[in-house]
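These notes concern the structure reproduced below.
Along the sequence shown, the residues carry numbers beginning at 1.
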Amino acid sequence: QVQLVESGGGSVQAGGSLRLSCAASSAASRYTYYSYCMAWFRQAPGKEREGVAVIDSTATEIYADSVKGRFTISQDAAKNTLYLRMNSLQPEDTAMYYCAADFRCPRYSSDYLLSYKYNYWGQGTQVTVSS
């Protein structure tokens, strides 16, 4: 069992920046942060949850086309913390942002941004971008 707690959301104007954090923890004695597949998803009102960015155990980064060049996923294994740096935010980025994790990433990178591949989820942090 892995617990994920997001923070860093807020309200910004278009063109602004935010950095989200996700603190991961587990009571399991064999828990190793780096062994997990870590991801960010988002869900806007009335829309399906969509994958935003993933980082795997080899530090390979995968991004949704809508955020490429604007968002950067990173991690600090010593702190068991995942980050999402979001630049050039636009109103369409408004959503609840969720941190997600699973024991390993999907076999194919094309599946990395599929929400059903992840078993552990945080409670979410709201990002609101005004025009």
Side-chain angles (χ1 to χ4, degrees):
Q1 189 76 10
V2 176
Q3 292 78 44
L4 304 170
V5 179
E6 303 97 332
S7 61
S11 297
V12 296
Q13 291 190 329
S17 299
L18 284 173
R19 188 181 78 159
L20 306 183
S21 299
C22 171
S25 62
S26 175
S29 60
R30 294 184 178 181
Y31 172 71
T32 303
Y33 172 86
Y34 255 139
S35 66
Y36 280 70
C37 187
M38 302 297 296
W40 288 99
F41 287 79
R42 66 186 181 185
Q43 188 166 19
K47 295 187 177 181
E48 293 186 356
R49 189 168 297 187
E50 64 170 343
V52 174
V54 178
I55 187 165
D56 70 11
S57 59
T58 67
T60 296
E61 301 169 19
I62 300 291
Y63 296 93
D65 289 344
S66 59
V67 306
K68 282 181 182 177
R70 300 188 299 123
F71 290 12
T72 302
I73 190 170
S74 63
Q75 59 191 356
D76 185 337
K79 297 181 179 180
N80 284 1
T81 302
L82 180 74
Y83 302 100
L84 184 69
R85 177 67 180 181
M86 305 184 295
N87 295 327
S88 302
L89 283 162
Q90 299 300 316
E92 52 266 34
D93 295 316
T94 294
M96 185 71 79
Y97 282 72
Y98 297 91
C99 177
D102 207 89
F103 294 111
R104 62 181 59 86
C105 280
R107 180 175 182 179
Y108 302 106
S109 60
S110 57
D111 293 342
Y112 277 18
L113 295 176
L114 299 176
S115 60
Y116 69 86
K117 296 288 187 179
Y118 297 83
N119 285 302
Y120 302 105
W121 293 84
Q123 82 290 350
T125 185
Q126 178 68 37
V127 172
T128 302
V129 185
S130 58
S131 58

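To the nearest 0.5 Å, atom CD of residue Glu6 and atom OG of residue Ser21 are 10.0 Å apart. Atom-to-atom distance recorded for Trp40:CH2 and Tyr83:OH is 10.5 Å, nearest 0.5 angstrom. In this structure, the separation between CD on Gln75 and OH on Tyr36 is 14.0 Å, given to the nearest 0.5 Å. One distance of note links CD of Gln1 with CG of Asn119; it measures 9.5 Å at 0.5 Å rounding. Note: Leu84 CG to Met38 CE = 12.0 Å, rounded to the nearest 0.5 Å.
Under a hydrophobic clustering in which Ile, Leu, Val, Met, Phe, Trp and Tyr are joined whenever their side-chain heavy atoms come within less than 4.5 Å, directly or via other members, Leu4 and Tyr118 fall into different clusters. Hydrophobic clustering (ILVMFWY, side-chain heavy atoms < 4.5 Å, transitive): Val127 and Ile73 are in one cluster. Linking Ile, Leu, Val, Met, Phe, Trp and Tyr residues whenever their side-chain heavy atoms come within less than 4.5 Å leaves Leu114 and Val67 in two separate clusters.
A centroid separation of less than 6.0 Å is found between the aromatic rings of Phe103 and Tyr120.
For Ser11, the side-chain contact (heavy atoms from CB on, under 4.5 Å) test picks out Thr128, with sequence neighbours left out. When the ring-ring contact (aromatic ring centres under 6.0 Å, His included) test is applied to Tyr98, no partner is found at least two apart in sequence or on another chain.
Contact record, Tyr112 with Ile62: CD2-CG1, 3.4 Å, taken as the closest heavy-atom pair. For the pair Val5 and Gln123, the tightest heavy-atom approach, listed with the atom from each and the gap, is CA-OE1, 3.8 Å. A pairwise comparison of heavy atoms in Arg70 and Leu89 identifies NH1-CA, 3.9 Å as the closest pair. Across every non-hydrogen atom of Leu82 and Ser74, the tightest pair is CD1-O, 3.4 Å. Scanning all heavy atoms of the two residues, the minimum distance from Asn87 to Arg85 falls at OD1-NE, 3.1 Å. Taking both residues in full, the closest heavy atoms of Ala14 and Ser131 are given as CB-CA, 4.3 Å, listed atom of the first, atom of the second, then distance.
Of the listed residues (Asp102, Asp111, Val54), just one forms a side chain to side chain contact (heavy atoms under 4.5 Å, CB included) with Lys117, and that residue is Asp111.
Contacts classified as disulfide bond (SG atoms under 2.5 Å apart) and involving residues 89-131 (residues at least two apart or in different chains) are given here: Cys22-Cys99, Cys37-Cys105.
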